Protein chains: 2
Amino acid sequence: MIKKIGQCNSLQVLKDAKLSRTSQRVAVLDMLINAERPLTVIQIFRNINFHQKIHKVTIYRILSSFVAKDIARGIPTDEGINYYEMACRHNPVHAHFYCKSCKKMFCLDPATSSRAIELFADLNGFKIEALSLNITGVCSNCNKGGSL
Amino acid sequence: MIKKIGQCNSLQVLKDAKLSRTSQRVAVLDMLINAERPLTVIQIFRNINFHQKIHKVTIYRILSSFVAKDIARGIPTDEGINYYEMACRHNPVHAHFYCKSCKKMFCLDPATSSRAIELFADLNGFKIEALSLNITGVCSNCNKGGSL
DNA sequence: ATAATAAATGCAATTAAATTGCAATTATTA
DNA sequence: TAATAATTGCAATTTAATTGCATTTATTAT
Ligand SMILES: [Mn+2]
Ligand SMILES: [Mn+2]
Ligand SMILES: [Zn+2]
Ligand SMILES: [Zn+2]
């Protein structure tokens, strides 16, 4: 499991991506930048709306715009829920672990992840747009009754 | 990409799993056994209902029972749709390629897949229940205008 | 073979994530 | 500061999947 290291400046990220600077986008982006794990739309919605009111649909649209601009990436679970994380240079594509118990998603070691990903580098004729390696199970905290 | 080799007998599979033998279960199971790629509920529904009437909800429930008994496994896509394939001894867990264009899912080489999967074998304290390695993109057929 | 019991199915209604249309608001640019 | 373009809020919709319940079908015991 890794911890986020690299930090980005949300205003700079938006400027580079040529996305207009709205308070909603800044709020969502700051949340992604500071998150220590991928977040769902609902998690972002709840956290932001503690202080600021943003419509849920807006968060869907903001995240879609981030994904389109390669600012963020979406990680779908077995259970059909999308988690989002930064897709900046500090955070290359990597594998994830999803805990069915606490519903948290953990980022897995990027070195091991990239070794796995490289194995599928040449699927001749097939154009690869995204690769996801997801493990589902129960996290160590939940295993020892941590969710109580 | 691989082709299905191993065959199973649907009646025997149901008996071994202690699932009662209904015409609906036999139809769904035969379809999975003979499929050359994973199928969605809708695909199964359409194919079966060409000759036999089965309610869509029944297919959902049948597939859930198959997954619970490890007869089949579900493979979710980026787009939130579940594909199903046999989970018998002839078909170990492996990676998949999902074509966004034609919506077909392809099974990838199980040898390469298992090498990738082994890399994540020991996540200490984390109980692994499922592992999925999914690549999304455009298949070779669609790449050369095959979907036209 | 028949009756009793248990399981599976069909149908309608529901859930929940995600998407869309459109009017109102906000940001960018000239 | 005004004009233009983009974004947001809200309501309605879409769609995969799930649930409750009455009916039908399969399994089991007699
Ligand atoms: Mn991650
Ligand atoms: Mn497969
Ligand atoms: Zn957990
Ligand atoms: Zn294709």
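Just so we're clear, the structure is a prediction, and the values are computed from it rather than from any experiment. The basis for the numbers below is simple: all heavy atoms, side chains too, and nothing from hydrogens, waters or symmetry mates. So you know, we letter chains A, B, ... as the sequences are listed, proteins then strands, and number each from 1.
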query: 5'-most contact on DNA chain D: B:Q24 or A:V57, nearest heavy atom basis?
result: A:V57

message: Heavy-atom nearest nucleotide on DNA chain D for A:H55 versus B:Y84: which residue maps closer to 5'?
response: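 Upstream on the strand: A:H55.
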
query: Between A:S20 and D:dT7, does any side-chain N or O lie under 4.0 Å from OP1 or OP2?
result: yes

query: Looking across every strand, which nucleic acid part, if any, lies under 4.0 Å from B:K53 by heavy atom: base, sugar-phosphate, or nothing?
result: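 The residue B:K53 makes sugar-phosphate contact but no base contact.
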
- prompt: Just how far, in rounded Å, is P of D:dT14 from CD1 of B:I42?
  reply: 16 Å

- request: Take the protein atom CD of B:E79 and the nucleotide atom P of D:dT14, then report the distance between them rounded to whole Å.
  value: 19 Å

Nucleotide interval of DNA chain C bounded by contacts with chain A (heavy-atom cut-off, under 4.0 Å): C:dA17 to C:dT28

field: From A:L123 atom CG to B:C139 atom SG, the distance as rounded to the nearest 0.5 Å
entry: 11.5 Å

- prompt: Is the shortest distance from a Lys or Arg side-chain nitrogen in A:E79 or A:K103 to a carboxylate oxygen in the other one below 4.0 Å?
  reply: yes

query: Do any of residues 58-69 of chain B sit with a heavy atom less than 4.0 Å from DNA chain C, and if so which?
result: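 Nucleic-acid contacts, sorted: B:T58, B:R61, B:I62.
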
Under 3.5 Å, is there a donor on one side chain and an acceptor on the other for [X] and [Y]?
{"X": "A:H90", "Y": "A:Q7", "value": "no"}
{"X": "B:D30", "Y": "B:S10", "value": "yes"}
{"X": "B:Q43", "Y": "B:N47", "value": "no"}

task: Inspect the surroundings of NZ in B:K104 and state if more than 12 heavy atoms from other residues, nucleotides or ligands are less than 6.0 Å away.
output: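 Not buried by this count: 12 neighbours or fewer within 6.0 Å.
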
message: Please say yes or no: joined through hydrophobic side-chain contacts below 4.5 Å, possibly via intermediate residues, are B:L108 and B:L131 part of one cluster?
response: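 Yes, same cluster.
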
task: Using the side chain to side chain contact (heavy atoms under 4.5 Å, CB included) rule, pick out the option among B:I71, B:V41, B:I75 that qualifies with B:Y84.
output: B:V41

